[in-house]
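Each residue takes its place number in the sequence, starting with 1.
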Amino acid sequence: MARNDDEVTDDPPVAAVLASLDDEKCRAVLAALREPKSATELQGECDLASSTVYRKLEQLREAALVREYTEVRRDGPNATLYERDFTDISISIDDEEAFRVAIERPERELDDPEDRMATFWSEMRKQS
């Protein structure tokens, strides 16, 4: 099932999800994302080079398995954080013999002003 907010409107291609889950380093990043973390934190926890962490995060974002957002901080610089963006993944085959992926997403409070501001800044950064 696709999430109803603007960030993800369709489920990702099956091949992108399977490729990400088949990648040992992507799985290590997903396992480390029990809670939101920065790329620097993931680099240390997963024992990966910075460039590798960013490549794997991009691959996981393209597969819609990781969400990136900006944490707005009042007492210092803002931080880009990443979090696992699924609770369940199902692969099925339909009547036309086509494979389909369905991803269940965690519930999010989008009414929180800080969440809305963080989403706004994340979208602005993507467009620049």
So, for Cys26 and Ser20, which heavy atoms are closest and what is the spacing to 0.1 Å?
-> CB-O, 3.1 Å

Closest approach of Ala39 to Leu57 (non-hydrogen atoms, all atoms of both residues) = CB-CD1, 4.2 Å

Measure the spacing between CG of Leu81 and CD of Glu68 and express it to the nearest 0.5 Å.
-> 9.5 Å

Is there side-chain contact between Val101 and Leu18, with heavy atoms separated by less than 4.5 Å?
-> no

Nearest heavy-atom pair of Leu65 and Phe86: which atoms, and what distance?
-> O-CD2, 3.5 Å

Separation of Thr87 OG1 from Glu107 CD (nearest 0.5 Å) = 9.0 Å

Backbone of Val66 reached by a side-chain donor or acceptor of Arg61 within 3.5 Å = no

Closest approach of Arg105 and Asp85, non-hydrogen atoms and distance?
-> NH1-O, 2.6 Å

Count the heavy atoms of every other residue, nucleotide or ligand shown that sit under 6.0 Å from CG of Asp88, and state whether that count exceeds 12.
-> yes

What are the two closest heavy atoms between Asp22 and Arg27, and how far apart are they?
-> O-NH1, 3.1 Å

Taking only Lys NZ, Arg NE, NH1 and NH2, and the carboxylate oxygens of Asp or Glu, determine whether Arg55 and Glu58 approach each other closer than 4.0 Å.
-> no

Closest approach of Ser50 and Gln43, non-hydrogen atoms and distance?
-> CB-OE1, 3.6 Å

Does the side chain of Thr80 come within less than 4.5 Å of Ser38's, by heavy atoms?
-> no

May I ask you to test the Pro12-Ile103 pair for a side-chain heavy-atom distance under 4.5 Å?
-> yes

Under 3.5 Å donor-acceptor, Arg84 side chain and Leu33 backbone = yes

Judged by atom type as modelled, is there a donor-acceptor pair below 3.5 Å linking the side chain of Lys25 to the main-chain atoms of Leu48?
-> no

Inter-residue atom distance Thr52.OG1 - Asp47.CG, 0.5 Å rounding = 10.5 Å

Test log, rule side-chain contact (heavy atoms from CB on, under 4.5 Å), inputs Leu60 and Asp23 | CA-CA 10 Å; Leu60 290 165; Asp23 185 301; over 6 Å; no

